[in-house]
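In what follows, every heavy atom counts, from backbone to side chain, and hydrogens, waters and symmetry copies are set aside. Predicted model, so just to flag it, every value in this text is computed and none were measured.
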Amino acid sequence: IRPTGLQLGSEIVRSEMNVVKEIQRINDKEMSSGLDGTEGHSWHAQYKHSAYVFFGGLDQRLTEGDVLCVFSQYGEPSDINLMKDKEDPKKNRGFGWLAYEDQRSTILAVDNLNGIKIAGRTLRVDHAMDYKAKDDGPKRKTLADTRKEEMKAYEKELKAKYNAAHKERKKQKQAEKEKGKAKDKSKQSADSDSESDSGTEKKRNSQNAWESSGPSQKGQSGDTHRRGRDREDRRDRESERDRRGGRHSDDRRDRHRDDRDRQRDDRDRRGDSGRERERRRDDGGRHRERDDERRDRHRDDHHAGRQRDRDSHRERDSHRDDRKRKERSGDTERERKHRR
């Protein structure tokens, strides 16, 4: 007779419970005998080459995140393979495999998670001897991988912010430069306009003055202009004649002038050096005078301090002598009274 689905499910549950109870019994026996999972003669030692554990008995509503939250209490998971339902991928088939980065975490997981209840179901956790992860299947990222990705994303974000700020500063500088150029251009155009306006105004004023003047003034101004031009022509001719005839004398005069300038410069330099030496000598004398004054003040302060000390000692001695005299006089008075 072929068993029904309900009977088959109950058989699976009973077998799962038998495995859970067997693992608990072995652990209790080792604990009662004083053994732990790290020793070579423990039953965990035969699985020391496998970092995978098998888990079963899960509720179908649980996800990979839920499983990782449970198993990460005893180590850093590095891979998980939760079997999914083919008809409904959102549901799981109740079992799967999980790998730890450290193989010793599998011992803690088997000893502590086997037999606990999650969502009303008893969880079975056991070592997986021959399980091999699929090479082409997705693997869970470790904490180190996650941190690396976060660091890369953070560096990328910082770089983007820096580039944006650099571009913004470059744009601001360019805008300021363009603004300065436009300001200079406007200023130059304003200056040129004002110059042209002033030149035009001067021409207009001179033209108006010339037109407003009478005929006699125009004739007089023309004669004056001709006489001035004749004087300039005579002056140019005389200077040309002098240049042709006295070129050599000019050269001699230039050489004498250069010699006098050099002698004057030498005298100035010697005078400057002498004044510099005198200034240094005066500075040194002033420094020495200040040092002497400082030493004198220090010596006077020292003498004054010693004098104050001597005065205070004398005052203490006088007080002590007075007190002794008073004591002796009191003793003498008491002795006289006693004799009486």
Engineer: Can you name the salt bridge (Lys or Arg N to Asp or Glu O under 4.0 Å) partners of D266, sequence neighbours left out?
Structural biologist: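 For D266, the residues satisfying salt bridge (Lys or Arg N to Asp or Glu O under 4.0 Å) (neighbours in sequence not counted) are R269.
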Engineer: Would you mind listing every salt bridge (charged side-chain N to carboxylate O under 4.0 Å, His left out) that reaches into residues 85-99, with sequence neighbours excluded?
Structural biologist: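 Salt bridge (charged side-chain N to carboxylate O under 4.0 Å, His left out) check on residues 85-99 returns no pairs.
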Engineer: Using side chain to side chain contact (heavy atoms under 4.5 Å, CB included) as the criterion, list what pairs up with R314, not counting sequence neighbours.
Structural biologist: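 Partners of R314 by the side chain to side chain contact (heavy atoms under 4.5 Å, CB included) criterion, ordered by chain and then number, come out as Q307, R310, D311.
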Engineer: D300: what forms a salt bridge (Lys or Arg N to Asp or Glu O under 4.0 Å) with it, not counting sequence neighbours?
Structural biologist: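 Counting only residues at least two positions away or on another chain, D300 forms no salt bridge (Lys or Arg N to Asp or Glu O under 4.0 Å).
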Engineer: Taking only residues two or more places apart in sequence or in another chain, which ones pass side chain to side chain contact (heavy atoms under 4.5 Å, CB included) with Q263?
Structural biologist: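 Listed in chain order: R267.
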Engineer: Using the side chain to side chain contact (heavy atoms under 4.5 Å, CB included) criterion, which residues pair with L108? Sequence neighbours excluded.
Structural biologist: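 Once residues adjacent in sequence are excluded, the partners of L108 under the side chain to side chain contact (heavy atoms under 4.5 Å, CB included) criterion are Y74, N112.
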Engineer: Of all residues at least two apart in sequence or in a different chain, which pass the side chain to side chain contact (heavy atoms under 4.5 Å, CB included) check with R297?
Structural biologist: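 E293, R294.
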Engineer: In chain order, what residues pass the salt bridge (Lys or Arg N to Asp or Glu O under 4.0 Å) check against R299, with sequence neighbours excluded?
Structural biologist: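 D296.
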Engineer: Show every side chain to side chain donor-acceptor pair (under 3.5 Å) that has at least one partner inside residues 160-176, sequence neighbours left out.
Structural biologist: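 Found Q174-E178.
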Engineer: List the residues meeting salt bridge (Lys or Arg N to Asp or Glu O under 4.0 Å) with R262, not counting sequence neighbours, and say none if there are none.
Structural biologist: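 Result, salt bridge (Lys or Arg N to Asp or Glu O under 4.0 Å) vs R262: D259.
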Engineer: When the side chains of residues 321-330 are checked against the rest of the protein, which donor-acceptor pairs come out under 3.5 Å, sequence neighbours left out?
Structural biologist:
| residue | atom | partner | partner atom | Å |
| --- | --- | --- | --- | --- |
| D322 | OD1 | R325 | NH2 | 2.0 |
| S329 | OG | R325 | O | 3.2 |
| S329 | OG | K326 | O | 2.7 |

Engineer: Answer yes or no: is there a donor N or O on one side and an acceptor on the other, between the side chain of N81 and the main chain of W97, under 3.5 Å?
Structural biologist: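 Pair absent, no side-chain N/O of N81 close to backbone of W97.
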Engineer: Listed by chain and number, what are the side-chain hydrogen bond (donor to acceptor under 3.5 Å, both in side chains) partners of D331, not counting sequence neighbours?
Structural biologist: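 By the side-chain hydrogen bond (donor to acceptor under 3.5 Å, both in side chains) rule, D331 matches R334.
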